[in-house]
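Here's the structure we're looking at; comments come further down.
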Amino acid sequence: MSINILAKPAVFPSPWTARAFAIVRAMEESGIFTGKDFQQELIFSIKARENAGTNIQGEAAYYDCWVEAMTNLIHSKGFSIEAIADHEKAIRFRFEHSHHEHGSGCPHHEPIPCFVEKS
Amino acid sequence: MKNSKIERPWQAIRTEAVESLLVELGVIDSSRVDEIVQHYVEEVGPKGGARVVAKAWADPEFKKRLLNDGLAACAELGLGGPETEKLVVVENSATIHNVVVCTLCSCYPWPILGIPPAWYKSSAYRSRMVREPRRLLAEMGLVLPNSVEIRVWDSVSEIRYLVLPERPPGTEALTEEQLSEIVTRDSMIGVAKVVI
């Protein structure tokens, strides 16, 4: 296993990782759980992945564990998995009927710039 | 054309769903989530740690306080936060080199250095740094002679570590601000030296 120290430094690799990070911090601030509670759940998630033979090699794998830990912890604090699933369903529906889907699926769609700076 | 639609990763959908649910229940506020993201993207980062190191190099009294109580000394510079309970600063010398790892997850002095780099969280770094630090450091570009003792510090939630790197020769005339510009994140984790 080698280390790529030259990987491009970025604070967060994607918008959702930033959101996932901040949601956990916000929940700690709200007193739903402590930083230590989350750390234990994150350790569990990372260990489970590594024990299954999958190394954490990049940000994606690490934040997978982060999201898994966040989900498991809020579930253990009494928030329903079904409620999360309902929200996921609504988000998928909105996304599939969003501008992106319409643009790619509709033969009459005319591409328009989202911003124009006049000369 | 339908099969050309953009897929969103499940993690992005899950994250949005969790936020949406928690906001709906009044547990968290999306504007606070925005603020936290902005704080870490724009305000927190290794530049904070670099200021600490530069001050320690320039001010022997501050260095004493830093080595005695890292968190209190960083607070003098307006750095810190609830994420770190105790900050231990370990000083490099010609014969001792310190390096920091979190063997279990990603514990790191966030308020001082920002978010850890991807490699810090990797299985390879976390497992190898405690088994073969000299070899791993060499692979990462830092070759240390056998005469130098390597001390590996395992961060945990209660104790975070910051390496105080050696001040490079030829920097005697630099101001504190100029010194802070040569201090790198990697040197404060201990996988690199400060060079000019």
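In the text below, chain A, chain B and the rest are named by the order of the sequence lines, each starting its count at 1. Values below: all heavy atoms of this structure, side chains included; hydrogens, waters and symmetry mates excluded. In this text the structure is predicted, and so the values were computed from the model without any measurement.
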Out of curiosity, does A:Y63 fall in the hydrophobic cluster containing B:I13 (side-chain heavy atoms, cut-off under 4.5 Å, transitive links)?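 B:I13 does not cluster with A:Y63.
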Quick one: [atom1] on [X] to [atom2] on [Y], what's the gap to the nearest 0.5 Å?
| X | Y | atom1 | atom2 | value |
| --- | --- | --- | --- | --- |
| A:I43 | B:L104 | CD1 | CG | 4.5 Å |
| A:F21 | B:I36 | CZ | CD1 | 8.0 Å |
| B:W10 | A:E68 | CH2 | CD | 5.5 Å |

With sequence neighbours excluded, give me every ring pair (Phe, Tyr, Trp, His ring centres under 6.0 Å) pair touching residues 169-196 of chain B.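 Matches after skipping sequence neighbours: none remain.
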Kindly state each residue pair satisfying ring pair (Phe, Tyr, Trp, His ring centres under 6.0 Å) with at least one member in residues 149-190 of chain B, sequence neighbours excluded.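 Residue pairs passing ring pair (Phe, Tyr, Trp, His ring centres under 6.0 Å), neighbours aside: B:W153-B:Y161.
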Between A:F79 and B:L22, does a side-chain contact (heavy atoms from CB on, under 4.5 Å) hold up when you go through it step by step? CA-CA 9 Å; A:F79 297 92; B:L22 297 175; 3.9 Å; yes
Check B:K121 with A:E59, please: is the shortest side-chain N to carboxylate O separation under 4.0 Å?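 B:K121 and A:E59: salt-bridged.
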Which side chain to side chain donor-acceptor pair (under 3.5 Å) pairs, counting each pair once, include a residue from residues 49-59 of chain B, with sequence neighbours left out?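 Sorted pair list comes back empty.
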Please tell me if the side chains of A:I23 and B:R32 come closer than 4.5 Å, counting only heavy atoms from C-beta onward.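 A:I23 vs B:R32: side chains apart.
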Any donor and acceptor pair, going by atom type alone, linking the side chain of B:S122 with main-chain N or O of A:Q57 inside 3.5 Å?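 No; zero donor-acceptor contacts below 3.5 Å.
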Using a heavy-atom cutoff of under 4.5 Å, enumerate the residues of residues 30-40 of chain A that contact chain B, numbered in order, or state 'none'.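 Within residues 30-40 of chain A, near chain B: A:S30, A:I32, A:K36, A:Q39.
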So which part of B:E24 gets closer than 4.5 Å to some heavy atom of chain A, the side chain, the backbone, both or neither?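 B:E24 touches chain A through side-chain heavy atoms alone.
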